[in-house]
2 protein chains.
Amino acid sequence: MSLPSAHHHPAPTASHLPQQLAQAGLRATRQRVLILESLLVLPGHPTAEQVHQHVRAQVESISLGTIYKTLDSFVAAGLTRRVASAEGSARRYDADCTEHHHLFCTDTQEIIDYCDPQLDALIRDFFAARGLPDFQPHSFSLHVKGNRLTGAATAASEDSAT
Amino acid sequence: MSLPSAHHHPAPTASHLPQQLAQAGLRATRQRVLILESLLVLPGHPTAEQVHQHVRAQVESISLGTIYKTLDSFVAAGLTRRVASAEGSARRYDADCTEHHHLFCTDTQEIIDYCDPQLDALIRDFFAARGLPDFQPHSFSLHVKGNRLTGAATAASEDSAT
DNA sequence: ATCTTTGCGGAGAATAATTCTTAGCTGTGT
DNA sequence: ACACAGCTAAGAATTATTCTCCGCAAAGAT
């Protein structure tokens, strides 16, 4: 993805994934490291199923149930987020827990991270000024629907599923 | 809900629901009117299951499959929306198709509609000005997490978001 | 090093959510 | 009345998610 302000994961330096897990109070097993890595590596925001496919490439035997359980524990530990999506029926996960926004491509179902401090400030200021009387906002996430204009509008939609 | 800018459905005037359906090119059957009405009446943003329960009160025999199919056709006709939610696994529907935003109460899991043309303009202008190079946005929905201050829990935390 | 405790992973069954298929009914136009 | 179209009902089929149970392997204590 080449959106200028798109959020950059701090480089998939697989080296510190175990640390991240440890910090979160989770054992850094091979499986977990691979699952966490999948979230960083897979395009968009993968489903449990997609993570499963990906991890299977390395650990033949891993089961889908384990993926679900592990992703749940990541979410509980604050290591991962669930992304809200109105489309599709499967849950999507996001390794990035910093505050950021999402672009939803209506063509490809892709979910693209979008990080923009200016936008954050704009929204924060707006609510600070307006002040909701009955509600204390505490985090904001903007969902932008639209379509991607990849110069090569190619349906490069390769889904290595299955 | 008493948020001043909270969106108000144009009063559940059941009388014009058939019209709405007709306008959308759908036959105004008893079942459909009831389903549409349920979306307006049920608190929060109901699941297909909840709509089913509610409609059953009047039409004993209606099946869950019909609810799903009907809601799908409503969505296709632009009469209803699917609400994106990171929590839970069931789809949530919203009878209100005007552009609006959502406040998610982290205490009660409640989803409150929030409609604010100024905010809409602010966001639209922001993106018009910034211009995403690879993406053509076409609708925006802000998800605000926080908690409701129902007079009771107020004094506690007074920290402005970040 | 061995024992123990505990969390983790694997398998598959169980449950929940959603879609599909088929058939029958109802209203409309002729 | 007849044929057509769209709708509903019912239930099977699929897909998504959770749960349970068991053996294993790592971390701590002796």
Side-chain angles (χ1 to χ4, degrees), chain A residues 17-18 20-38 45-77 79-80 82-93 109 159 161-162, chain B residues 17-18 20-38 45-77 79-80 82-93:
Chain A
L17 292 184
Q20 265 192 255
L21 286 164
Q23 276 180 4
L26 299 169
R27 266 201 231 157
T29 66
R30 174 161 164 69
Q31 287 87 339
R32 293 186 170 193
V33 173
L34 286 171
I35 291 172
L36 191 50
E37 195 192 358
S38 294
H45 295 263
T47 63
E49 185 63 41
Q50 292 171 319
V51 171
H52 186 215
Q53 296 304 331
H54 191 252
V55 173
R56 276 237 275 213
Q58 342 265 324
V59 179
E60 184 73 35
S61 69
I62 197 162
S63 86
L64 181 56
T66 297
I67 305 290
Y68 274 109
K69 213 189 316 186
T70 304
L71 287 175
D72 277 358
S73 69
F74 285 2
V75 171
L79 213 54
T80 293
R82 284 220 284 249
V83 177
S85 160
E87 317 297 323
S89 42
R91 275 183 194 159
R92 307 286 213 97
Y93 294 86
Q109 295 282 76
D159 238 274
T162 318
Chain B
L17 292 185
Q20 266 192 256
L21 285 165
Q23 276 180 4
L26 299 169
R27 265 202 229 157
T29 66
R30 175 161 163 68
Q31 287 87 338
R32 292 186 171 194
V33 173
L34 286 171
I35 291 172
L36 192 49
E37 195 192 358
S38 294
H45 297 262
T47 63
E49 186 62 43
Q50 292 172 319
V51 171
H52 187 216
Q53 297 304 332
H54 191 253
V55 173
R56 277 236 275 211
Q58 342 266 323
V59 179
E60 185 72 34
S61 69
I62 196 163
S63 85
L64 181 57
T66 298
I67 305 290
Y68 274 109
K69 211 192 313 184
T70 305
L71 288 174
D72 277 357
S73 68
F74 285 2
V75 170
L79 215 54
T80 294
R82 284 220 281 251
V83 176
S85 160
E87 318 297 322
S89 44
R91 276 182 194 161
R92 307 288 213 97
Y93 295 86

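Throughout, protein chains are lettered first and strands after them, A, B, ... in sequence-line order, and every chain is numbered starting at 1.
- Residues Q31(A) and V55(A) have side chains not in contact (no heavy-atom distance under 4.5 Å, counting atoms from C-beta outward).
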Go through E37(A) and L17(A) one step at a time and tell me if the side-chain contact (heavy atoms from CB on, under 4.5 Å) criterion holds. CA-CA 8 Å; E37(A) 195 192 358; L17(A) 292 184; 3.8 Å; yes

Protein within reach of the bases, or only the backbone? For nucleotides 13-26 of chain C, mark each nucleotide 5' to 3' as B, S or -, using heavy atoms under 4.0 Å. ----SBB-------

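- With dA10(D), dG9(C), dT8(D) as the choices, the nucleotide that has an atom nearest any side-chain atom of S63(B) turns out to be dA10(D).
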So D72(A) and R82(A), side-chain contact (heavy atoms from CB on, under 4.5 Å) or not? Walk me through it. CA-CA 9 Å; D72(A) 277 358; R82(A) 284 220 284 249; 3.8 Å; yes

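- Rounded to an integer number of Å, the gap from R32(B) CZ to dG27(C) P is 14 Å.
- Taking the side chain as every heavy atom from C-beta outward, T80(B) and L36(B) approach each other to under 4.5 Å.
- The nearest whole Å value for the distance from the CG atom in L21(B) to the P atom in dC7(D) is 10 Å.
- In this entry the distance linking CZ of R56(A) with P of dG10(C) reads 11 Å, nearest Å.
- One finds a side-chain N or O of T66(B) lying less than 4.0 angstrom from the OP1 or OP2 phosphate oxygen of dA9(D).
- OP1 or OP2 of dG9(C) sits under 4.0 Å from a side-chain N or O of T29(A).
- Between F74(A) and R32(A), some side-chain heavy-atom pair lies under the 4.5 Å cut-off.
- H52(B) has its NE2 atom 12 Å from the C1' atom of dT8(D), to the nearest Å.
- Across every non-hydrogen atom of Y93(A) and V83(A), the tightest pair is C-CG2, 4.3 Å.
- Distance, L26(A) CG to dT6(C) P: 18 Å, rounded to whole Å.
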